[in-house]
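All chains are named by letter (A, B, ...) in the order of the sequence lines, taking the proteins before the strands, and each is independently numbered beginning at 1. Source: prediction; values computed, not measured.
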Protein chains: 2
Amino acid sequence: MTEQFRKEIVQRITRNLLDIQTLRLLTAEPMWGYKIKKQIEATTGVKLRHGALYPLLNALEQKGFLKSQKQQQGGRTRKIYTITEKGMEYIDAYNSILKEQISKQNIK
Amino acid sequence: MTEQFRKEIVQRITRNLLDIQTLRLLTAEPMWGYKIKKQIEATTGVKLRHGALYPLLNALEQKGFLKSQKQQQGGRTRKIYTITEKGMEYIDAYNSILKEQISKQNIK
DNA sequence: TGAGATATGTCTAAAAAGAGACATATTGTA
DNA sequence: TACAATATGTCTCTTTTTAGACATATCTCA
């Protein structure tokens with residue numbers, strides 16, 4: 001019965017936390033959009049539209065959470081994203097507030 | 001600096017998890033809409049529009065996560081909501097999938 | 001050479017979510 | 001008695017999000 005909800009819930013969590021997940025991934029190492037997409041798809045099992053991801057990356061950069069630099073590899077261009085100090089503060093804030101909110105309710 | 005993000009993040013979490021929070025509240029005891037509203041506002045500190053909550057309660061009932069019964073108290077009518085077995089399965093599924101997704105990334 | 005994967009980007013139409021008003025009635029308190 | 005709080009409900013306009021196409025180019029492997 002729980003399995004009935006599974007797909008729906010995983011999709012929901014992935015959507016709600018896409019920016020957070022992206023920032024988290026980038027705390028491990030700088031990465032380009034396509035790799036971020038593949039990584040998230042691999043860990044969550046949810047297909048991610050690149051038409052959603054690229055605009056998100058732009059938005060995160062505009063907010064100052066990410067910075068990017070273009071990398072040439074032969075004729076292939078990659079836009080490498082690095083998380084900023086502000087970006088790290090955001091995920092830290094998100095994590096602690098989430099924990100705080102959850103502990104106010106009593107969840108096992 | 002973290003404080004800068006606080007309001008935005010709390011609001012975001014409250015919105016994303018409004019249905020889950022509502023279901024959780026109702027695992028403690030049956031409750032009517034207005035009380036749910038006040039409880040959530042008290043624990044989160046975020047104002048909740050009743051124009052958002054009442055339609056949500058209807059939707060949760062239609063999905064079979066809640067059932068309701070009207071209670072008369074003098075001239076005052078309250079619609080008491082009780083969580084169903086299916087509703088409990090949903091929050092259990094949500095909780096375990098969230099934990100699972102979080103542990104796939106490595107978060108302290 | 002052709003197909004599939006890698007790589008990035010935009011745009012539009014449709015769907016969903018949001019704010020906030022309109023609407024009404026009771027209860028408690030100053 | 002008047003005001004604030006309790007209580008429930010709908011509706012519309014606006015904003016945001018989403019799906020999915022349009023667009024282009026390279027790289028790898030059969």
Once you apply a heavy-atom cut-off of 4.0 Å, does B/G75 come out as touching a base, just sugar-phosphate, or nothing?
sugar-phosphate
Among the nucleotides D/dT6, C/dA7, D/dG9, which one has an atom lying closest to any side-chain atom of B/Y81?
D/dG9
Please give me the minimum heavy-atom distance between B/Y34 and B/Y54, naming the atom from each residue.
N-OH, 3.7 Å
Once you round it to whole Å, what is the distance between C1' of D/dA5 and NZ of B/K38?
8 Å
Under 4.0 Å between a side-chain N or O of B/Y54 and OP1 or OP2 of D/dT8?
yes
Please give, in whole Å, the distance from C/dT24 C1' to B/H50 NE2?
11 Å
Does B/L57 reach the side chain of B/K79, with side-chain heavy atoms less than 4.5 Å apart?
no
Atom pair distance, as rounded to whole Å: CZ in A/R78 and C1' in D/dT26:
11 Å
Rounded to whole Å, the CH2-P distance (A/W32 to D/dT26) equals 19 Å
Base, sugar-phosphate or nothing for A/K35? Non-hydrogen atoms, less than 4.0 Å.
nothing
Between C/dG9 (P) and A/L56 (CG): distance, integer Å
13 Å
Under the criterion side chain to side chain contact (heavy atoms under 4.5 Å, CB included), which of B/V10, B/L17, B/N16 is the partner of B/T14?
B/V10
Of the nucleotides D/dT6, D/dT18, C/dT8, which one has an atom closest to the side chain of B/R76?
D/dT6
Pair pattern of DNA chain C in dot-bracket, where unpaired bases get dots and | marks partners in another strand, Watson-Crick or G-U under 3.5 angstrom
|||||||||||||||||.||||||||||||
For atom CD of B/Q72 and atom C1' of D/dA7, their distance in whole Å:
12 Å
Minimum heavy-atom distance B/K63-B/K86, with the two atoms named
O-NZ, 3.1 Å
Between B/R12 and A/D19, is the closest basic N to carboxylate O distance under 4.0 Å?
yes
Phosphate oxygens OP1/OP2 of C/dT6: is one of them under 4.0 Å from a side-chain N or O of A/Y34?
yes
Contact under 4.0 Å: A/N58 side-chain N or O vs C/dT10 OP1/OP2:
yes
For D/dG9, does either OP1 or OP2 sit under 4.0 Å from a side-chain N or O belonging to B/K79?
yes
Just how far, in rounded Å, is C1' of D/dA7 from CG of B/L57?
13 Å
With a 4.0 Å cut-off on heavy atoms, is A/G51 in touch with a base, just the backbone sugar-phosphate, or nothing at all?
base
Please tell me whether A/T77 and A/Q72 have a donor and an acceptor in their side chains that are separated by less than 3.5 angstrom.
yes
Quick one: label B/R49 by what it contacts on the DNA or RNA (base, sugar-phosphate, nothing), any heavy atom closer than 4.0 Å.
base
In terms of heavy-atom contacts, A/L48 and A/E41 come closest through N-OE2, 2.8 Å
Which atoms form the tightest heavy-atom contact between B/A93 and A/I9, and what is the distance?
CB-CD1, 3.7 Å
Calculate the interatomic distance between B/N16 atom CG and D/dT17 atom C1'; express it in whole Å.
12 Å
Check the phosphate of D/dA19 against A/R15, side-chain N and O only, distance under 4.0 Å to OP1 or OP2. Yes or no?
yes
